[in-house]
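To keep things clear, I will list the structure first and then write my remarks on it.
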Amino acid sequence: MVGVPNSDLLAFSQFQSNADSWLKNSILPYYPATKITYITVGLEVTESPDNASALVVPAMQNILTALKKVGLHKRIKVSSTHSLGVLSRSFPPSAGAFNSSHAYFLKPMLEFLAENQSPFMIDLYPYYAYRDSPNNVSLDYALFESSSEVIDPNTGLLYTNMFDAQIDALYFALMALNFRTIRIMVTETGWPSKGSSKEKAATPDNAQTYNTNLIRHVINDSGTPAKPGEELDVYIFSLFNENRKPGMESERNWGLFYPDQTSVYNLDFTGKGAVDMTNSGNGTKSNGTTWCIASSKASESDLQNALDWACGSGNVDCSAIQPSQPCFEPDNLVSHASFAFNSYYQQNGASDVACSFGGNGVKVDKDPSYDNCIYLTTRGINKTAASNTTAMANTSSSTRAEVCAWIATFCLMTLISFVLNLGNVAVASF
């Protein structure tokens, strides 16, 4: 997902040539090697001081025209992200309604989205609902932890969390304007791990609770009370803490990771509640050491793509899994991918993100080494594995730099997309 900043809306809305040039220089050189699926035009424009909302739809039209010229308009969708402030009312959910002051640009934008089958993108933050109104919103309700239910008096629908209520308020607002086919995408949601003295709910425990419950909620195919089973993509904000961001203390502490790629708190991305401890190898446990192996649940095509990436762009030395080498047998995709995944994982600091591989890698605390095939550990990354033919390559600092550059260039949000109807978590490859 690539964003057009608010500062570029004027230029993009005025001249088609600006959109054409931007697409040529900023998108086409990286596509399809980079799986770009959306272009977002403007960020929460109704919240910006200069309110450039009138420029959004013309800019979207010009970008769509540019995509049509190169035949990518069906593969790359165009939309714009919004805050919940576009609604004038969100409770009860069935009374959800758009703010009439935004009607002049919302109506043509909704028509654009419906015509081009693009999603309505919304940034949802139950944290703010609780922080700003703790007497009316319980912390458990905001954290998906509520044991009680809130009843919508108009529909009789029961709500156990704020997230679902906010989503449904938007659905009802769309239906009130007779836009029933537009799907919703949550482009930002999360919880801060640290805040000022006035932000007592901003703690690592609460952030971990919210994001863990969010992941479980999305991949369990539960949908919302008004739209059970409805497809929903959700992006967690954000991947890293932002130490230079202005505002209250919490604004700098939404990240899952510190800048050095260490976790702010442990988060299970699988939604299972525990790390998948798949049995493999010799079963030897090591004090605090972890390895990364291929998930037995991954599809063959996904594993092959991840293996090709690890042995190519990932700078992993895969000579040990070649014929007649120590890790070639057993000659199957899971075994070969496990060796490559672990090598990349260890070379890149054994961080959680280094074992993602699009959701196809899992961390284990049992040594997967067998016979003469020795799986590396972080401690042994610079040593030669005596039983293997070739030592694994040293950690590539350029790989980390490329990862950070990719993230900084293309996304200000986490690159973790939860596709509800597939029932799993997809983690974008770097």
Side-chain angles (χ1 to χ4, degrees), residues 1 35 37-38 77 79 81-82 84 90 93 119-130 140-146 149-150 157-171 174 182-192 206-239 254-256 265-276 295 297-299 302 352-353 356-362 411 413-429:
M1 186 180 295
K35 296 179 180 179
T37 53
Y38 294 97
K77 296 296 184 178
S79 189
T81 63
H82 306 277
L84 200 62
S90 59
F120 187 96
M121 297 177 170
I122 191 75
D123 299 339
L124 293 184
Y125 289 103
Y127 166 76
Y128 289 129
Y130 170 75
D140 285 347
Y141 187 66
L143 293 173
F144 296 90
E145 294 274 287
S146 179
E149 299 170 327
V150 176
L157 294 174
L158 305 177
Y159 291 86
T160 59
N161 63 81
M162 174 65 74
F163 180 85
D164 280 354
Q166 292 180 335
I167 290 286
D168 277 357
L170 190 54
Y171 275 129
L174 288 169
I182 297 176
R183 66 186 183 92
I184 292 173
M185 173 183 284
V186 179
T187 39
E188 290 183 22
T189 191
W191 199 280
N206 286 342
Q208 181 186 49
T209 297
Y210 179 83
N211 285 326
T212 297
N213 288 336
L214 171 73
I215 293 170
R216 291 173 179 168
H217 184 63
V218 172
I219 69 174
N220 282 342
D221 292 347
S222 53
T224 67
K227 294 278 188 175
E230 183 79 4
E231 177 183 321
L232 185 66
D233 292 345
V234 178
Y235 287 82
I236 292 181
F237 184 88
S238 62
L239 194 58
W254 288 82
L256 304 180
Y265 48 86
N266 293 325
L267 186 61
D268 166 42
F269 295 105
T270 69
K272 298 175 183 177
V275 176
D276 186 353
S295 170
K297 299 178 181 179
S299 69
D302 286 343
D352 290 344
V353 73
S356 62
F357 295 100
N360 299 306
V362 294
C411 218
M413 62 191 73
T414 183
L415 300 177
I416 304 172
S417 173
F418 304 97
V419 186
L420 182 146
N421 67 322
L422 296 180
N424 58 25
V425 179
V427 183
S429 300

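This chain uses plain numbering: 1 for the first residue, then up along the sequence. We use all heavy atoms of the structure for the numbers below, so side chains are in, but hydrogens, waters and symmetry mates are not.
The two residues Leu158 and Glu149 make their nearest non-hydrogen contact at CD1-OE1, 3.2 Å. Closest heavy-atom contact between Pro126 and Ala142: CB-O, 3.9 Å. Of all non-hydrogen atoms in Tyr127 and Gly190, the two that sit nearest each other are CB-O, 4.5 Å. The nearest pair of heavy atoms linking Ala169 to Ser90 is CB-O, 3.5 Å. The heavy-atom pair separating Leu256 from Asn211 by the smallest distance is CD2-ND2, 3.8 Å. Counting all heavy atoms, side chain and backbone alike, Gln208 lies closest to Asn266 at NE2-O, 2.7 Å.
Separation of atoms OG1 (Thr189) and OH (Tyr235) is listed at 14.0 Å; rounding is to 0.5 Å. For the atom pair CG of Asp233 and CD1 of Ile184, the computed distance is 12.0 Å after rounding to the nearest 0.5 Å.
Under the 3.5 Å distance criterion, the side-chain polar atoms of Asp164 are left unmatched by any main-chain donor or acceptor of Pro225. For Thr212 (side chain) and Thr209 (main-chain N/O), no donor-acceptor pair under 3.5 Å exists by modelled atom type. A donor-acceptor contact shorter than 3.5 Å is absent between the side chain of Asn360 and the backbone of Ala298. Although no hydrogens or angles enter the test, the distance criterion places a donor-acceptor pair under 3.5 Å between the side chain of Ser79 and the main chain of Pro119. A donor-acceptor pair is defined here as one N or O able to donate and one able to accept, closer than 3.5 Å; such a pair exists between the side chain of Thr187 and the backbone of Ile122. Proximity of a side-chain donor or acceptor of Ser295 to a complementary backbone N or O of Val362 within less than 3.5 Å is not detected.
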Practice task
Could you walk me through whether Ile215 and Leu267 pass the side-chain contact (heavy atoms from CB on, under 4.5 Å) test, one step at a time?
Solution key: CA-CA 10 Å; Ile215 293 170; Leu267 186 61; 4.2 Å; yes
Practice task
Could you check Glu145 against Asn213 for side-chain contact (heavy atoms from CB on, under 4.5 Å), going step by step and ending with a plain yes or no?
Solution key: CA-CA 8 Å; Glu145 294 274 287; Asn213 288 336; 2.8 Å; yes
Problem - side chain to side chain donor-acceptor pair (under 3.5 Å) between Gln166 and Tyr125, intermediate numbers included - result: CA-CA 9 Å; Gln166 292 180 335; Tyr125 289 103; over 6 Å; no
Practice task
Check the pair Met185, Lys77 against side-chain contact (heavy atoms from CB on, under 4.5 Å), reporting the backbone distance first and the verdict last.
Solution key: CA-CA 12 Å; Met185 173 183 284; Lys77 296 296 184 178; over 6 Å; no
Exercise for the section: Evaluate the criterion side-chain contact (heavy atoms from CB on, under 4.5 Å) for residue pair Val186 and Leu232; output intermediate values, then yes/no. Expected result: CA-CA 8 Å; Val186 179; Leu232 185 66; 4.2 Å; yes
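Tyr171 is linked by a ring-ring contact (aromatic ring centres under 6.0 Å, His included) to nothing, counting only residues two or more places apart in sequence or in another chain. Evaluation of the ring-ring contact (aromatic ring centres under 6.0 Å, His included) rule for Tyr38 yields no partner, not counting sequence neighbours.
When ring centroids are compared, Trp191 and Phe163 stay outside the 6.0 Å threshold.
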